[in-house]
Participant: 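My questions all concern the structure below.
This structure is a prediction, so every number in the text was calculated from the model and none was measured.
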Amino acid sequence: MSSTVISPQPGPAAGSSDVPRSYRVVTYGCQMNVHDSERISGLLEEAGYVPSPDDDADLVVFNTCAVRENADNRLYGNLGHIRPVKDARPGMQIAVGGCMAQKDRDVIVDRAPWVDVVFGTHNVGSLPVLLERARIEQAAQVEIKEALEAFPSDLPTRRDSAYAAWVSISVGCNNTCTFCIVPALRGKAADRSPDDILAEIRALVAEGVQEITLLGQNVNAYGTGWNPDRARDRGAFAKLLRSCGEIEGLERVRFTSPHPKDFTDDVIEAMAQTPNVMPQLHMPLQSGSDQVLRAMRRSYRSERYLGILDRVRQAMPHAAITTDIIVGFPGETEEDFQATLDVVEQARFSAAFTFQYSIRPGTPAATMEDQIPKEVVTERYQRLVALVNEIAWQENRQLIGQEVEVLIADGEGRKDAERNRISGRARDNRLVHLSLAEGEQPPRPGDIGTAVITSAAPHHLMADGGLTSVRRTRGGDAWQARREAPAAPSVGLGMPTIGQPPAAPPAPACG
């Protein structure tokens, strides 16, 4: 469903009718939120806005997450910080969207009446119309839809990368995990048709994109969320992966996040047999205790989980496997926690996103008995992180002396400039830092090179000898063309800088 798009009138701060209004998007949360923010930016630019990195842009959009306990504090704290900026700039607008908007609805305007627009996860495409209506009526506009209006990928976009892209294959989730509020906010699972997905991927490849990530709350349940008149196809996700392998020019395919209960051997076979599907798997564990998994309503147990990893490694011996783990779920005993440590030892994860359980109002776990004291959760969390880091370091050290293929990235290495290096991702998604010789011209982001690993740390690999070869790519061409075009700042993917507290770590992936 396409949305009506209007050209906004510039507010007084814009100076004249010939000056377009500026916008800034601030994103909290998971990959789905990042993808939604790209669509928000595309919608706004189609409506005549121009991007701005400044906190006092004519429009600031907060695209929110509701997974963490402190999500409310983060949102309302930052709305409070931005209020003086708006007070000093007549005509400035503030919009709040995403999961927190879907959850809180009218509460946001009650607590922060200076907000102009509140929109939910199902009606991102309404934002330009709501902004114009708020400007004309001089009143806050709240529109929350209970059902999806359009898939994120059906909307205009302003992608943050020229050579890599998210592609949404489904939205919503049919699982009932007791710790998760996402199904209540994103709705039941709904799938795009394979034809639409593949058409979008081909269009992206034609623009220079060479790596895509298939995105959904539960990607490997794809095919079970068709419209009622469509037949259920449990093998649809494996077929989709194989179809991606037939797209010329598409060099790397990834996906996130799968669910162990839906992970089938045909997906493993498709991964192993499709050359451009990367040897990498993010498989949420959440807990290694069968008792805790039962309380979480995770419909698998540790033996099944480890069996999946065994079959993945039999088919792809060098696959890197990452996970999500929650520490301190209600009722978790020391024995339960030790079971998680035992599974981590056996699984040999290359990385893990670890989280301390936090109460989310509206979830069954929020009212469970035996909530774990904070100090106990923190102590267990520290032990888990230490073990995860040690195992990741051991796994990374095994790659020393091996040659890896690296897709040079833009913005992956925060210290690259001061250390005279470049960074990128290996095929298994490990982060690789590559040293450059004095005066050496670095390859472009999007180009692909090879390098020999010389050292390792828990979270990255080093290639002190630099690149042994470089292949210029259409992705690099696309990055260069964008760089040489008039400057356009990228979507902000963090907390605002208006006197805010430090940024919180990313929200856990769903799955």
Participant: Does the ring center of His282 lie less than 6.0 Å from the ring center of Phe255?
Facilitator: no
Participant: Does Glu334 CD have over 12 foreign heavy atoms under 6.0 Å away?
Facilitator: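 Enclosed: over 12 neighbouring heavy atoms sit under 6.0 Å from CD of Glu334.
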Participant: Set out, in order, the CA-CA distance, both residues' side-chain angles and the distance that settles salt bridge (charged side-chain N to carboxylate O under 4.0 Å, His left out) for Glu251 and Arg427, then state yes or no.
Facilitator: CA-CA 10 Å; Glu251 301 205 26; Arg427 288 174 61 84; over 6 Å; no
Participant: Would you name the heavy atoms of Cys244 and Leu214 that are closest together and state the gap between them?
Facilitator: SG-CD1, 4.4 Å
Participant: Show, in sequence, the C-alpha distance, side-chain angles and deciding distance for Arg444 and Asp477, and conclude whether the salt bridge (charged side-chain N to carboxylate O under 4.0 Å, His left out) test is met.
Facilitator: CA-CA 8 Å; Arg444 306 167 303 177; Asp477 294 342; 2.8 Å; yes
Participant: Indicate the atoms forming the closest heavy-atom contact of Ala165 with Arg159, along with that distance.
Facilitator: CB-NH1, 3.5 Å
Participant: Before accepting this row, confirm whether a basic side-chain N of the pair Arg202/Glu248 lies closer than 4.0 Å to the acidic partner's carboxylate O.
Facilitator: no
Participant: Taking all heavy atoms of Pro260 and all of Tyr305, pick out the closest pair and write down the distance.
Facilitator: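 Minimum heavy-atom separation between Pro260 and Tyr305: CG-CD1, 3.8 Å.
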Participant: Once side chain to side chain donor-acceptor pair (under 3.5 Å) is applied, what residue pairs with a partner in residues 267-277 remain, sequence neighbours excluded?
Facilitator: Arg242-Gln273
Participant: With a 4.0 Å cut-off, would you call Asp447 and Arg471 a salt bridge?
Facilitator: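 The answer is no: the pair does not qualify as a salt bridge.
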Participant: Does a side-chain N-to-carboxylate-O contact under 4.0 Å join Glu405 and Arg252?
Facilitator: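 Counted as a salt bridge, because a side-chain N and a carboxylate O are separated by less than 4.0 Å.
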Participant: Can you name the side-chain hydrogen bond (donor to acceptor under 3.5 Å, both in side chains) partners of Thr468, sequence neighbours left out?
Facilitator: Glu403, Thr450
Participant: Show the nearest heavy-atom pair for residues Ser289 and Ala339, with the distance to one decimal.
Facilitator: CA-CB, 3.9 Å
Participant: Not counting sequence neighbours, which residues clear salt bridge (Lys or Arg N to Asp or Glu O under 4.0 Å) with Asp416? List them please.
Facilitator: Arg421
Participant: Checking side chain to side chain contact (heavy atoms under 4.5 Å, CB included) against Thr323, which of Thr354, Leu309, Leu285, Leu281 comes through?
Facilitator: Leu285
